[in-house]
Each structure stands twice: as structure tokens, then as C-alpha cells.
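Working notes, structure below.
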Amino acid sequence: MGTLSALLRRLLMTLVVIVCVSIITFLATRLLPTDPAALYAGPRASAEKIDAARLALGLDKPLVSQYLTFAGDALRGDFGVSFRTRQPISADIARFLPATLELIVAAMFLALVIGIPLGVIAAARPEGKLDQVLRLFAISLASIPGFWVAMILQLVFFKWLNWLPLSGRVSTETMLFSPIESITGMGTVDALITRNWVAFRDAFAHLILPALTLSLYPIGLALRMTRGAMGAVMSERHITTARAMGLSQSTILFRFALKNAIVPVLTVLGLTFAFSLTGAVLVEVIFDWPGLGAYVTAAILAVDFPVIMAVTLVGTVIYVGINFLVDLAQAMLDPRVRLS
Amino acid sequence: MRHAAPTHRRPGPRPILSLWGLDRVGTLSFVVIAVILGCIALAPFLTGYPEQGLGTPGPDRLVAPSSEHIMGTDRLGRDLWARILYGGRLSVLLAVLVVSLAVIIGTPLGIIAGYFGGWVDEVIMRVVDVFLAFPPLLLAIFLSALLGPGLLNLVLAIGLGWWPWYTRIARAQVLSYRQRPFVEAAEFMGVHPVTIMRRHLLPFVGTPVMIQSTLDLGSAILTVAALSFLGLGLPPPTPDWGQIISEGRVYFPDRWWYVTFPGLAIFTVALAFNLLGDSIRHSRESEHSRATNHEPS
Amino acid sequence: MSYLDIDNLSVTLPHGQGYRHVVKGVSLTLNKGEILGIVGESGSGKTMTCSALLSLLPAGAHRTADRLQLDSLDLTSVSPASVRGRLISMISQDPAAALNPVFTIQAHIDAVLKQHTDKNRHNRRTAVLELLDAVGLPDPLRVSKRYPHQLSGGMQQRAVIAMALSAGAQVLIADEPTTALDVSVQAKILDLLQSLRHNLALSVLLVSHDLAVIAQVCDRVVVMLNGEIVETGTVQSVIQAPHHPYTKALLAASPARHQRGNPLPTVASSYLNSGFDHD
């Protein structure tokens, strides 16, 4: 009974946080020294042109009404137009988001599928050899600059071994001879749905290196968080009982203990998502992956405010939303707090 | 089989020196950090091309590693080893500034939130929540794009997203010491809250903050490199690891050295700080569990 | 011929630079269908003795024995996995902690059945209900679907016993099985152990610090002090005519036989401290 109201409270908090995030994002663009009107008017614009831009953007109005306009538009999915391309930003985001999501989902999948089992194995013998090696492994993964390792992977798998494509989402041949029909906007998924196997193979091959690069940090993260949560569970009395009843080590680790640790391990989901999202910015640049990251990077170089603002806002809202879902899942999974 | 009675430690922060109870990995990473700091401090003496390190073009462009240029040269003919040494100065400086900024903003706020509680705590922690709602790096990218290039702007952009972690740590620490007799006694005697926070609570906050900041130095170096790789760093010809990699990308993979060596530099420094921080934390945790799991069978 | 035969069992734990003996040359026998009490203060080595049987000792511990024999099987020559749950099971003090909070009772017992038998899903399901019924739980179907925190302490302990016996273990080590329970529930759990012994010919090693509990259900009792057995005998002989001064002291300190109005005696401190290293 208390759980439902707690979740409602949590939902309310999430909404408040999103509003605050939008305020901070908005204020930053208005209070920091760069003048949006000057940027909108373009380089070497005359004073009159800048004033006209100021009027057009509504920058002469009080901050509160400016914010309300901005927030109202954003709620309707309207983020204005890009200073650089003069295109509506929402349309751009809708076009680039699926590619980024495809990449992030692939990276998160790798992170969870590799990181969680390694964390469980590390917890089998606390402070044992394997535990220590895996600890070093996780820390190394957290210390690698992703944009650099991306290039090293390209060197090895493209240049030396020639196993995988250098960059992009599909090769030119695929685009010409077996183009992927866009349904979800995620290349591999669309190819799968339309049973376009040639294109699927190709899109999949293109996905491997970027997804792998993006998953390195989250793998380490998932490993360490799983190890931590499992460490606490493994010292509990019911694990000794399970041993005394003769359950095998693997049953104890992967069935009994892991389900206990799953609530803290789930937080990994939110975190890996966050790190994949920001990591995507760099990875997309290197692999010419046409997603939000590449989009925002181009915007950064052109000081294209509304785009940077919109992507920050969208990214944050997705992140906050995922965290809320994780909380929800945790509440559902733990029978002690489950709605009865 | 008698042995000495357990020593009862005076409750209080342990002296800094006890941190040297590090394991092998920790000690090794400490030595590596010391060597790296030594190298960048002595940069002018470790390279024959100090002026190239700072930005002056050299005669031989994109030369592969040789005895002359052990790490090769860049597109302007500058010795990469020299560039990396001088770039290290900047990286470490920026990382230290970022972490210091975060500690200076975050720690006092956490102590205040934990000490006063009530609405003060509520307000501070809600602000913390909002800042933590931004995915890491995204806020830094956003702010540094708005602030424009420059050393201080870069520090601000990253540090502004980082302080909430220290607020959390400091608050948690204060909450666990808030009700101790020595704090209540001081309150009872009418000691000024600021004095209580500074004298009685700050010392307990020190160690966890120090561990976190060591770990964060590694992350800060990576973040600085990422931002400068994206073109949000300092303008050329300032030597900067992320920027060197970004320049070298055009010549990659043919001129492999251009990208490889600065990347290795970032990796090494970040790894050393992360390992050091982790091993400090690890040694303290196991000490802690030894101290608490002490019940007779 | 005794069923379980332990001869000269010793356990050492690493201690500082060297090691220390926590179990010193313990020899005892347990007959089929017998309940043997092990009594002693905490730290006297009774739990370690039991853990040693299942090879569930803490890291670094070392076990030696001249003989560890169950029926005709040499326990030192077989893998711990083939002993735990199949031949010997152990239940412990706090049933709430012994059950995994995120699994139903059904899942607990099912896991043990799955580990040790080749019954299919359906048969395991039936077996779970039979086991729950056998340990005297009312409405087995309902109980099987419950999570541990939804059951009372007594029901939890019955469920743990069902889990312990599910793979056909013939020896049950019950380490302070009633200490965490209410007095009224205690008696019912002890009754259950009695009836299991009669119905299944189960042999029980009942560890307790409470002589009243031991007196209620055990046939014979061993008294342990500092890792050694100081007295053995039938419950009657030990309680009525204790030989060892420590047993006398224990008996005197037992509230059950204490007379109202006189101060409660304590176990002589000389016995607690002799060569004892509590830290």
C-alpha cells in the first residue's frame, strides 16, 4: 500500500527534476556571455540584423515569459530551428535518435551480458586471484579513452585483419543493391524485420566496433557493481544454508545470490545507459555513425545553441525516465516491497 | 595462546600516513604517478625540443618514430614526445583544478546539509538531484559549448557537473557523526555551528573525499581529453592530449604514432590514478570489515 | 554399530602468524534414530564440529580426523557435494536469515530437489507439498507459494527442516534450532524433531546451550568446553550425576532447575577463561 504512494512520489520528483533541468538548460543559454541573437544572425551581421534577430527570437521579453514559451514549445516537441541548418530541430532529432538508440542498446546488451556474469564469478571467491584480476580489468576499462580505443580497434580490425568495416552504418553496395527499408530507423532491426539478410549482415558488421567501444566502460561498471552487490549477499546466512543443503556453486551464485543482488544490479542499467549516451557522442564521431552524438558535435563546432540545448534536454529526459523505470522494476522485483 | 588485548583507537580521523597501508598495485600506481609528475615537471630537460613542445613548428613533418624523435613528429613537424610532455602539464593541471573546484563547492554544501538537516538539507539535496540528472559529460559538453574555449571555462564546465558527488559523500559522512557525543557536547557548550562543522566534522569528511578525488583525477583527465578531442578544449598551439589525437585522426591509421602515443599517455595516467584511488578505498574497506567482523565464533 | 562415527576430529583456524585449535580431538557416535545433544558455551567448538562434518569451515580452516564415517561410508574420501543435503543436512538458529528473502518456499525446496534428484518438474512439485505436510505445516499448497517474510518463525523453521530433509538426508544437524523462537513454538519444533526421529529414523545432532532443550528431547548428551568433549553420557546420568565441574556449573546456571529467590549462579569464571581466547 505504501509502495504505490512511494512510486507516485517518485514520479512526481522525476517530473520536478525534469522541469528544473529544463530551467537550468534554459538559464545557461540566456545568462552566459554568448549572445544567441548574434549567433542567430550569423557572423559579421550588422547591429540592426542582430536586433531583428533578438526580436524574432523573443529575447527582448522578460526571462520568465521566454522560459514559458520555450517550455511550452518543448512540451509540444518543438525545439525551434537550428542556427546552422535552419531546419526544425525536432525533425533532426527524430531522424538521428534511432541510430543512437541502436548503438546504445547494443552497447548496453554487451555490458550486461559480459559485465554481470563476470561480476558474479568474481564474487565466488572474494579476494581470490580471479577477483583481483577482474578488479584490475574493470579499472582498466574505466581508464581507457573511448575515442582513442575506437581508432585502435579500427586499426586492428579494419586495416590489419580486414574483418570489419571502418565506419558508417551500411556499405555503399548494400545501399545500392539491397537498401534497408526504414521502419524503426535502427538499421539492424529494420533489416531483420524485412528479412533483408544481406543488409542485416552488413549492418550488423558495421555495428560491432562502435558498440564494442561504447560498451567498454559500462562493462567495467556492471562488473564492479555486480561484484559489490554479490559480495554483500554471499556473506548472508541463507547462502550458508544453501551450501549446507548441497546446492552447487553455480546454482548458488547465478540463481540464489544473483536474484538477491538483482535490485542493486539493476541500478547498473540506468548507469550504463547514461555512460553509453555520453560515450555515444565521441564514438559516433569516430565511426561516422549518423546519430545524435555526431549531430550535437557538429552543432558544438558551429556554436548552434538550440541544437545543443535540445539534445542535452532530450538526453537528460531519457536518462531520468530510464532511472524511473529502473526504480519501478526494482520495486516489482523485490517481493518485500512488491505491491500486494 | 594469549595475545594482546585489542587496541582501542581514539575515535577520530586517522593520520594521513596510515594511507600507506596500500597493496602492491596501489604502491606501484603511486610510483607511476610520481614518475609521471616528475617527467612533466622536468619536461624541458627530457626533450631536445622544448619550444616544439610549446607549439613552434619543426622541420620534419609526420616522421615515424626514430632515435631522433622517439615518438615521431606531428603535422607541423613538432616532436610528439615533447608535445606529450607539455600536454601532460596541462592535463594534470586541468584535472587538479576540476577536482578542486568540485571539492570546494561540494564538500561544504554536504557538511551544511548534513549538519543542519531540515529544509536546508532538503533544498541542497534537491539541487544535487537536478545536477545528477544530467548524464555525465553531457552537462560538461553543454556548458563548455556555451562558455567558449579557455582554461577556466573548461574547468568550470566540468567542475559544475561534478560537485554534487562530493556533497553526497560529505553529507553521508556528517550524518553518521552528527549524533556523536563530542558533537552534541560542543553544541551544548554553545560552540558556534561553523566552528563545529570545521573542527569536529570536516576531519571525518576528509578521508572519503580524498579517496573520491583521487579516483576523480583519473576521470577528470579522461573528460578533459574527451572535450578537447571534440574541439572544446584550449585553442592551438597549446599542447593538449585530446587535441593531438583529434589532429592525428586525419592521418590515422597510416601515421599510427600520431594517435597511439597521446592515447597511451591518457590511458596510463588515468589508470594510475584510478588504481591508486581504488586501492586506497580497498585497503580502508577491508580494514573496516576487519574492525567490525570481530565477533567470537 | 553406530550410524555416524567421529573419531579424534580436530579443526584449526589460522590465527595471527600461526593457527589455533578450535576443535581438539572430538570423538562421538550417533546411532540411527537417535537425538544426541551437544551442549556448551558459545565458542566451545560445537558449531565448528558440525561445520566440519559438512566441510563448511571458514577459509583457511584445516580439518583432521582419524575416522569420519557415516554408515559404511568414509566421509573424508568423498566430495563434500555428495554429503551435503544428501547424507547430512544442517539447519541453523535463525530461520528468517536461513531462507532467501526473494524466493518462495516452493523455490527453496525445489532447488534442493533439482540438485539431488532426477524428478521432473511435476514430481518435484508434489514432493514439495508432501515434505511441507510431513513437517507439520498446515495447508502446504498455500505455504509453498509464500515468501519467507510472510511466515511466522515457527513455520519458517519447519520449512527449513523440510528443505533439509528433501534430498533424503539421514542425519540432521540442528544448530540451536529453537533459540530464536518463542518458548511455545520451541516446544513444537522439538516435538517435530521427535516425531521425525520416530517416523523417518532420522538421526539428529542437536546443538544447544540450553540444557532444558537437551533434556527434553535427547537420548545422550556430550558437553563441550574449549573445543574438547569434557563429559558424555545419557541425558539422565549427565543431568542427575554430572562428573565434570563445568557440567555442574552449567547445570547450576540453568534457570529451569533454579529455585526462586536465590541469586542465579554463574558458570565459574575460571572455566570460561582457562586457555580461552575470546577477542
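Below, chain A is the first sequence line, B the second, and so on; all start at residue 1. Source: prediction; values computed, not measured.
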Inter-residue atom distance B/Q212.CD - B/T214.OG1, 0.5 Å rounding
9.0 Å

Compare all side-chain heavy atoms of B/W257 with those of B/M71 and state whether any distance is below 4.5 angstrom.
no

Which distance, rounded to the nearest 0.5 Å, do you find between the CD1 of A/I286 and the CZ of B/R249?
6.0 Å

Option among A/T316, A/V311, A/T29 that satisfies the side-chain contact (heavy atoms from CB on, under 4.5 Å) test with B/F142:
A/T29

Among the listed options B/G148, B/P262, B/A133, the residue most often paired with chain A at heavy-atom distances under 4.5 Å:
B/A133

What part of A/F273 lies closer than 4.5 angstrom to a heavy atom of chain B: side chain, backbone, both or neither?
neither

Part of residues 142-150 of chain A lying next to chain B, heavy-atom separation under 4.5 Å:
A/A142, A/S143, A/I144, A/P145, A/F147, A/W148

Ion pair check, B/D121 and B/R126, cut-off under 4.0 Å
no

Where A/L282 and B/L137 come nearest, the two heavy atoms and their spacing
CD1-CD2, 4.3 Å

Answer with side chain, backbone, both or neither: which region of B/T260 has an atom nearer than 4.5 Å to a non-hydrogen atom of chain A?
both

Max heavy-atom pairs within cutoff under 4.5 Å with chain A, candidates B/L132, B/I245, B/V269, goes to B/I245

Identify the two heavy atoms, one from A/F70 and one from A/S22, that lie closest to each other, and give their separation to 0.1 Å.
CE2-O, 4.0 Å

At what distance, to the nearest 0.5 angstrom, does CG of B/L138 lie from OG1 of A/T25?
9.5 Å

Go through the atoms of B/L264 and report whether side chain, backbone, both or neither lie under 4.5 Å from a heavy atom of chain A.
both

Side chain from CB out, backbone as N, CA, C, O: work out which of these in A/F158 comes under 4.5 Å of a heavy atom of chain B, or both, or neither.
neither

B/V25 side chain near B/H282 side chain, heavy-atom distance below 4.5 Å
no

Enter the distance from A/R84:CZ to A/Y295:OH here, rounded to the nearest 0.5 Å.
7.0 Å

Please determine, among B/F229, B/W241, B/W256, the option with the most heavy-atom pairs under 4.5 Å with chain A.
B/F229

Considering all heavy atoms, the nearest A/S140-B/F267 contact:
O-CE1, 3.6 Å

Answer yes if the side chains of B/T238 and B/Y86 hold a donor-acceptor pair under 3.5 Å, and no otherwise.
no

So which of A/R135, A/M309, A/K159, A/M13 has the biggest tally of heavy-atom pairs under 4.5 Å with chain B?
A/R135

Less than 4.5 Å to any heavy atom of chain B: does that hold for the side chain of A/T14, its backbone, both, or neither?
neither

With chain A, the option among B/D129, B/V259, B/I266 that has the most non-hydrogen atom pairs under 4.5 Å is B/V259

Assert top hit (heavy-atom pairs under 4.5 Å, partner chain A, pool B/A225, B/G231, B/A272) equals B/A225

Show the nearest heavy-atom pair for residues B/S29 and B/G26, with the distance to one decimal.
OG-O, 2.9 Å

Going from CD1 on B/I33 to CZ on B/F273, what distance comes out if it is rounded to the nearest 0.5 angstrom?
4.5 Å

Using a 4.5 Å heavy-atom cutoff, which residues in residues 152-165 of chain B come close to chain A?
none

Largest heavy-atom contact set with chain B, pairs under 4.5 Å, which of A/L277, A/I23, A/V285, A/D304:
A/V285

Nearest 0.5 angstrom please: B/L90 CG to B/L85 CG, how far?
13.5 Å

Assign the ring pair A/W163 / A/F157 to parallel, tilted or perpendicular, where the plane angle (0 to 90°) is split at 30° and 60°.
tilted

Identify which part of A/V16 has an atom lying under 4.5 Å from any heavy atom of chain B, answering side chain, backbone, both or neither.
neither

